[in-house]
Amino acid sequence: MKTVSSVLILSFPLLLLVNGFDPDCILQLEIKDEERKCMAKLNRQSAAVFRGCLGDWDNITCWDQANYGETVTQTCPLVLRHFFNKNGNVSRTCTINGWTDPYPHYVNACGHNENVTEVHKIYFYVIVKAIYTFGHSASLIALTIGSAILCLFRKLHCTRNYIHLNLFLSFILKAISVLVKDDFLYSSTYPCPDSLVGCKIILVFFHYCVTANFYWLLVEGLYLHTLLVVIFSPNRHFTIYLLIGWGIPTICIVVWLVTRTYLEDTGCWDTNEHRVPWWIIRIPIIISIIVNFCLFINIIRILIQKLRSPDVGGNDQSQCMRLTKSTLLLIPLFGVHYMVFAVFQMPSFSECQIWFELCVGSFQGLVVVILYCFLNTEVQGELKRKWGSLYLNRYLSHDYRLHSLSISRNGSESAPQFHRNSRAPSIMQTETSII
């Protein structure tokens, strides 16, 4: 059994790094589950007046009782098929001395499969994990700085920036959940736990953060669409936006948690063999993506109508450039790139989907905070005013120290006062240019 496990881990170390548990831990958990089922099955078999080999668990496969001289053949264990997707056969013969060793060996019958263990696939997943880890880390740093800016400056406190702030927070939580999940599930410092409570909590937190992030992208779309279409001010509806952004994901996760507990309470809840829990977590996300995409299309239509209005100046080329700029700015805010693989699953483009959803998605928070915080004119204006104020206070403090030093040396204020007045125009000029 140890030989089989070591071969599995050496030949298949990284193919499950994107969505699942650490391979060694998956192996242990699934073997424990199969052993439990086998022991329950063997306990139901009667050993009375039976002449032959009793049922046996060989640490990887469950063998039913057999008569002397009988050969029993079984397909490869489920745990090995999960790793290698190879449907081989293993046999054992019941003799007077007991069961023979399995033949052919598990490694030969169920192990190596060149179609699965190709080197380029291993490199692919290594690169993907490195990219999305870097993307979430960079986004986390930038989003934290952007959130601090929106919180510290009172002149930036408005409904629009409150929504941006909640969106930034959802991106921060998403990045933290991804990094914590990877560190817990794939780090060698955490052994495979006997109790999976902590692991399940991390998976629940991860799914909640991802769902909340999609719904705050939807809130951004709803808010912008309301500004362009509805006559009344949307500011008084901020509570509704909070309920959509944080409330709907909470309801979805609670329902998913209940169905997962009763329908598929296996492992670390990282597999999706039962379709009901999987669709409960996926349908709300698909709905948010589709609705946001429809809002995006309608907003682009409204922008085209406004640009074609006689009141808007400029030629066709300038209008086209303005429309292109507006469209490109809205794509990361609405998460339009998720629409590519949201509805139609294309197995032949699975690697492309991984690039889109993991690699491109990991940098989405960084792009959003740059476009809607760091490059925002209001934010830049407040930062310039703050920097000008700090610069001016520092200069006046330095000039006051020179003034005091001159008084102590000369016993008169005339010379320093002349010096101070001579510099007054330059100070006023500096302050005026900053404001």
Q.
Assess the residue pair Asn97 and Tyr68 against the criterion (side chain to side chain donor-acceptor pair (under 3.5 Å)); give the C-alpha distance rounded to whole Å, side-chain angles, the decisive distance to 0.1 Å, and a yes or no.
A. CA-CA 9 Å; Asn97 297 324; Tyr68 292 131; over 6 Å; no
*Non-neighbouring partners of Pro277 that pass side chain to side chain contact (heavy atoms under 4.5 Å, CB included), sequence neighbours left out*: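 Testing Pro277 for side chain to side chain contact (heavy atoms under 4.5 Å, CB included), a comparison that skips the adjacent residues, returns Trp256, Thr259, Arg260, Leu263, Glu264, His274.
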Would a 4.5 Å heavy-atom cut-off, applied to side chains only, mark [X] and [Y] as touching?
X: Thr61; Y: Pro102; value: no
X: Tyr241; Y: Thr226; value: yes
X: Ile300; Y: Leu330; value: yes

### Task
In sequence, state the C-alpha distance, the side-chain angles, and the governing distance for Val219 and Leu167, and then conclude on side-chain contact (heavy atoms from CB on, under 4.5 Å).
CA-CA 9 Å; Val219 169; Leu167 177 64; over 6 Å; no
For a quick check under 3.5 Å, do [X] and [Y] share a side-chain donor-acceptor pair by atom type?
X: Tyr215; Y: Asn292; answer: no
X: Trp246; Y: Asn166; answer: yes
X: Ser91; Y: Thr71; answer: no

#### Entry: Atom of Cys38, atom of Asp56 and distance for their closest heavy-atom approach
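Between these two residues, the closest heavy atoms are SG-O, 4.3 Å.
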Quiz prompt | Nearest heavy atoms of Leu165 and Cys151, plus distance in Å | solution =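 Heavy atoms only, the tightest pair is CD2-SG, 3.6 Å.
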Taking [X] for the side chain and [Y] for the main chain, is one N or O donor matched with an acceptor at less than 3.5 Å?
X: Asn67; Y: Glu70; value: no
X: Ser139; Y: Ser362; value: yes
X: Gln74; Y: Val90; value: no
X: His136; Y: Val178; value: no
X: Ser288; Y: Ile285; value: yes
X: Glu34; Y: Cys62; value: no
X: Arg92; Y: Asp101; value: no
X: His207; Y: Leu257; value: no

Self-check item: Residues forming a disulfide (SG to SG under 2.5 Å) with Cys359, sequence neighbours excluded
Solution: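 Cys359: no disulfide (SG to SG under 2.5 Å) contacts found.
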Rounded distance (nearest 0.5 Å) linking atom [atom1] of [X] with atom [atom2] of [Y]:
X: Phe168; Y: Asn161; atom1: CZ; atom2: CG; value: 8.0 Å
X: Leu217; Y: Phe334; atom1: CG; atom2: CZ; value: 9.5 Å
X: Ile280; Y: Cys252; atom1: CD1; atom2: SG; value: 9.0 Å

**Test: Glu382 and Arg154 ion pair at under 4.0 Å** =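 No, this pair does not count.
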- Steps toward side-chain contact (heavy atoms from CB on, under 4.5 Å) verdict (Tyr132, Ile127): CA-CA 9 Å; Tyr132 79 69; Ile127 294 172; over 6 Å; no
Parallel, tilted or perpendicular, as decided by the 30° and 60° cut-offs, for the rings of His164 and Tyr372: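 Tyr372 vs His164 ring planes: tilted.
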